[in-house]
Amino acid sequence: MTADPDPDPAPAHDPAEAQARGAAAAHDVAKRRAWAGTAAAYAETFATLCAHAVPALLGAAGARPGDRVLDVGTGPGTVALAAAARGCTVTGVDPDPEMVGLARAAVPGARLLVGALPDLPAEVGGGYDVVAANFVLNHVGDPLAAAAALARAARPGGRVAVSVWPVPPGPAQQLWADVLARAGVRPASATVPAARDFPRTPGGLASLLSGAGLGAVDAGEIGFEHVVDPDLWWSAVERGVASIGAAYRGQTAAGRCALREAFVELAAGHTGPDGRLHLPARAIVGAGRATA
């Protein structure tokens with residue numbers, strides 16, 4: 001399934017539109033480069049945080065036994081595995097071949113493909129009962145085009161469900177921003193072009209999904225607590241996972257030491273009597289129904 005990444009394209013000669021599209025594409029390329037080679041580390045660390053939203057995501061999608069489910073941005077296959085456990089037939093897609101390999105091992109009965117929003121490969125097809133994207137729209141350079149691609153993959157009346165991290169974030173996400181600030185390190189980030197971004201709030205996500213052509217849209221915030229060993233959580237940084245890992249990789253030895261010291265100091269405030277981090281987190285889950 002290949003389609004125009006912009007559901008309402010501006011004239012091709014529009015310089016502002018061309019610039020926005022170019023910036024969005026550059027954002028996506030930078031993101032993929034930053035994530036390359038970190039699949040195993042992500043699966044062992046930050047993927048466990050993202051997994052908390054999966055029950056709410058599939059619940060919002062109304063996933064039932066026998067449904068055809070498309071899991072976009074499957075990563076190590078967390079959503080795909082949960083959907084398969086519900087008796088669904090699952091197709092998963094991710095831009096990182098290493099992530100796809102992990103998902104194939106985790107969900108051997110699923111069909112796993114390499115591909116990325118907003119131009120999903122033709123072999124993904126369409127007509128899905130459920131299309132899910134767990135913490136994907138917060139990583140793309142053109143969220144509206146990405147959401148529109150999700151909508152097009154669903155059958156008429158099918159459900160599209162997505163999750164994103166809110167802004168301002170919960171303590172689990174804020175910890176890394178605080179670590180960077182304490183260490184005096186600038187974050188490594190690929191900024192979404194302002195013309196393509198959306199407010200990371202329930203209302204902002206609902207508007208994004210409605211703008212992508214979905215009906216009966218609803219979005220709300222969920223909360224959970226992530227409990228994890230501090231050394232395991234820090235290992236994600238040393239292994240280059242996500243923007244905090246990219247920032248760490250870009251430092252001198254002194255900068256890396258400063259980040260480690262900042263983490264130890266700030267993590268102490270989240271450490272329980274069991275010696276583990278107890279990190280409250282929030283996420284936004286939204287869903288809508290595809291129209292004919």
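Worth saying up front: this structure is predicted, and the values here are computed from it rather than measured.
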Where at least one partner belongs to residues 234-247, residue pairs that pass salt bridge (Lys or Arg N to Asp or Glu O under 4.0 Å), sequence neighbours excluded: Glu44-Arg239
Interatomic distance, Asp94 atom CG to Arg32 atom CZ [nearest 0.5 angstrom]: 10.0 Å
Using modelled atom types and a 3.5 Å cut-off, is there a donor and acceptor pairing between side-chain atoms of Thr201 and backbone atoms of Gly204? yes
Answer yes or no: is there a side-chain heavy-atom contact under 4.5 Å between Val164 and Leu205? yes
At what distance, to the nearest 0.5 angstrom, does OG1 of Thr271 lie from CZ of Arg276? 11.0 Å
Can you list the residues that meet the side-chain hydrogen bond (donor to acceptor under 3.5 Å, both in side chains) rule with Gln174, with sequence neighbours excluded? Asp178
For residues 210-222, which residue pairs pass the side chain to side chain donor-acceptor pair (under 3.5 Å) check, not counting sequence neighbours? Glu221-Arg282
Under the ring pair (Phe, Tyr, Trp, His ring centres under 6.0 Å) test, residues paired with Phe135 that sit two or more places apart: Trp165
In short, ring pair (Phe, Tyr, Trp, His ring centres under 6.0 Å) pairs touching residues 53-73 with sequence neighbours left out are none
Output all residues satisfying ring pair (Phe, Tyr, Trp, His ring centres under 6.0 Å) with Phe263, sequence neighbours left out; order by chain, then residue number. Trp176, Trp234
Here the salt bridge (Lys or Arg N to Asp or Glu O under 4.0 Å) pairs for residues 242-260, sequence neighbours left out, are Asp231-Arg260
Would you indicate whether the side-chain heavy atoms of Leu137 and Leu150 approach each other to under 4.5 Å? yes
Return each pair, listed once, that meets side chain to side chain donor-acceptor pair (under 3.5 Å) where at least one residue sits in residues 50-71; pairs must be two or more places apart or across chains. His52-His226, Asp71-Thr74
Does the side chain of Asn134 come within less than 4.5 Å of Cys50's, by heavy atoms? yes
Would a 4.5 Å heavy-atom cut-off, applied to side chains only, mark Gln173 and Leu49 as touching? yes
Taking the side chain as every heavy atom from C-beta outward, state whether Pro76 and Tyr42 have any pair of such atoms under 4.5 Å apart. yes
With a cutoff of under 4.5 Å between side-chain heavy atoms, which Ile, Leu, Val, Met, Phe, Trp and Tyr residues group with Val114? Val100, Leu112
Once salt bridge (charged side-chain N to carboxylate O under 4.0 Å, His left out) is applied, do any residues pair with Glu265, and if so which ones, sequence neighbours excluded? Arg182
Under 3.5 Å, side-chain donor or acceptor atoms of residues 81-92 against the rest of the protein: list the pairs with distances, not counting sequence neighbours.
unit_1: Arg86; atom_1: NH1; unit_2: Ala63; atom_2: O; d: 3.3
unit_1: Thr91; atom_1: OG1; unit_2: Arg111; atom_2: NE; d: 3.3
unit_1: Thr91; atom_1: OG1; unit_2: Arg111; atom_2: NH2; d: 3.4

For Asp129, what residues pass the side-chain hydrogen bond (donor to acceptor under 3.5 Å, both in side chains) criterion, not counting sequence neighbours? Arg155
Pairwise side-chain contact, Trp233 with Leu279, heavy-atom cut-off 4.5 Å (strictly under): yes
